[in-house]
Amino acid sequence: MSAEFEQLVAEFEKFQSKIKKAETQFAKVGEMQAELAELESVAASPDRSVTVVAGPGGSVKDIRLSPEALRQQPQQLAAAILSTLHTAVADAARKQAGIVDEQFGGTFHLNVEEQVLEAQAEALGTTAADLRSQMSEEPPPEAARPARRPRNEDDFSEETVLRRSDEATPGQPPAGGNSAGDQFLKNLFDEEDH
């Protein structure tokens with residue numbers, strides 16, 4: 001009976017080992033989520049007139065246009081924005097896959113980054129090897145965000161075309177609703193009723 005007992009103990013120890021391994025993997029999920037939340041990919045057009053910052057899940061965090069971009073014809077600028085946007089989002093997707101591979105690739109024998117690269121190559125009608133050779137390198141932080149000059153109220157060339165999350169939506173009334181404009185309209189309608 002001691003052989004059976006030893007076998008049960010060994011099985012129980014294997015089971016405990018698997019539970020500890022699973023707990024470690026679940027702890028990595030939190031780390032991975034934090035890393036994914038911070039993910040950014042910066043891409044610039046060949047002439048550096050358009051810069052796009054993409055985040056996880058295909059999100060676009062920022063689009064910056066240089067003064068040179070604003071001198072382009074509308075169709076040319078639209079094409080540059082779209083091309084740069086695709087590059088940034090595709091690079092962010094590959095980085096996102098790389099983060100998943102770092103955390104779980106070895107454990108689950110995944111190669112998500114390669115799968116993403118192959119899917120992108122197929123969608124673009126090229127090869128994974130060609131895409132690998134074209135992968136954008138993120139510019140250094142000082143190149144990504146040029147130093148700001150003193151603000152000229154009529155110059156929007158260095159402004160983002162996306163609203164920041166902390167900015168109010170245009171036309172959105174202030175929280176209190178007691179602005180001078182609100183008071184004027186209330187008084188105007190009150191006077192018409194009399």
Side-chain angles (χ1 to χ4, degrees), residues 21-22 24-149 155-165 167:
K21 188 175 180 180
T24 302
Q25 293 298 325
F26 283 121
K28 286 183 178 182
V29 168
E31 293 170 15
M32 182 180 71
Q33 287 174 328
E35 197 173 346
L36 288 172
E38 295 174 6
L39 178 130
E40 281 191 351
S41 177
V42 179
S45 61
D47 65 356
R48 301 277 187 219
S49 65
V50 176
T51 304
V52 176
V53 180
S59 65
V60 176
K61 293 183 168 188
D62 196 12
I63 297 176
R64 293 186 295 271
L65 305 174
S66 72
E68 292 77 27
L70 300 176
R71 290 186 199 103
Q72 297 176 18
Q73 293 297 316
Q75 296 83 1
Q76 184 183 7
L77 178 58
I81 291 172
L82 197 56
S83 173
T84 308
L85 181 86
H86 286 168
T87 301
V89 170
D91 190 49
R94 289 189 295 269
K95 285 181 178 181
Q96 191 171 348
I99 291 169
V100 172
D101 279 343
E102 283 176 24
Q103 296 293 332
F104 298 108
T107 304
F108 297 109
H109 308 292
L110 301 173
N111 191 350
V112 180
E113 190 172 11
E114 186 63 28
Q115 292 174 22
V116 167
L117 197 59
E118 289 173 8
Q120 289 176 346
E122 185 178 326
L124 297 172
T126 186
T127 66
D130 284 344
L131 278 182
R132 258 187 228 94
S133 69
Q134 297 171 7
M135 283 186 184
S136 69
E137 287 297 318
E138 198 167 313
E142 52 274 0
R145 290 192 186 262
R148 294 252 183 212
R149 295 186 307 252
D155 181 11
F156 298 100
S157 63
E158 291 184 14
E159 292 297 314
T160 179
V161 295
L162 300 177
R163 182 174 46 251
R164 290 175 177 36
S165 62
E167 292 178 2

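With values rounded to the nearest 0.5 angstrom, Gln120 atom CD is found 13.5 Å from Asp130 atom CG. Between the CD1 atom of Ile81 and the NE2 atom of His86 there is a distance of 12.0 Å, given to the nearest 0.5 Å. Here CZ of Arg94 is found 15.0 Å from CD of Gln115. Values are rounded to the nearest 0.5 Å. The distance from the CD atom of Glu68 to the OG atom of Ser45 is 10.0 Å, given to the nearest 0.5 Å.
For the side chain to side chain donor-acceptor pair (under 3.5 Å) test, no residue two or more places apart in sequence or in another chain qualifies with Glu118.
Within a 6.0 Å radius of CD in Glu122, no more than 12 heavy atoms belonging to other residues, nucleotides or ligands are found.
Between Gln72 and Ser49, the shortest heavy-atom distance links the atoms NE2-OG, 3.0 Å. Nearest heavy atoms, Lys61 versus Pro56: CE-CD, 4.3 Å. Scanning both residues, Ala121 and Ala128, for their nearest heavy atoms gives CB-N, 3.5 Å.
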Would you check, one step at a time, whether the test side chain to side chain contact (heavy atoms under 4.5 Å, CB included) holds for Gln96 with Leu36? CA-CA 7 Å; Gln96 191 171 348; Leu36 288 172; 3.3 Å; yes
Leu77 vs Val50, side chain to side chain contact (heavy atoms under 4.5 Å, CB included): CA-CA, chis, key distance, verdict: CA-CA 8 Å; Leu77 178 58; Val50 176; 4.0 Å; yes
Yes or no on side chain to side chain contact (heavy atoms under 4.5 Å, CB included) for Val52 and Thr87, after CA distance, side-chain angles and deciding distance? CA-CA 9 Å; Val52 176; Thr87 301; over 6 Å; no
Val60 and Leu85: side chain to side chain contact (heavy atoms under 4.5 Å, CB included), yes or no, with the steps? CA-CA 8 Å; Val60 176; Leu85 181 86; 3.3 Å; yes
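Contacts classified as side chain to side chain donor-acceptor pair (under 3.5 Å) and involving residues 30-39 (residues at least two apart or in different chains) are not found.
Side chain of Lys95 to main chain of Ser41: no donor-acceptor pair is present (N/O by atom type, distance under 3.5 Å, no hydrogens or angles). Put simply, the side chain of Asp101 gets close to the backbone of Glu113: a donor and an acceptor are under 3.5 Å apart.
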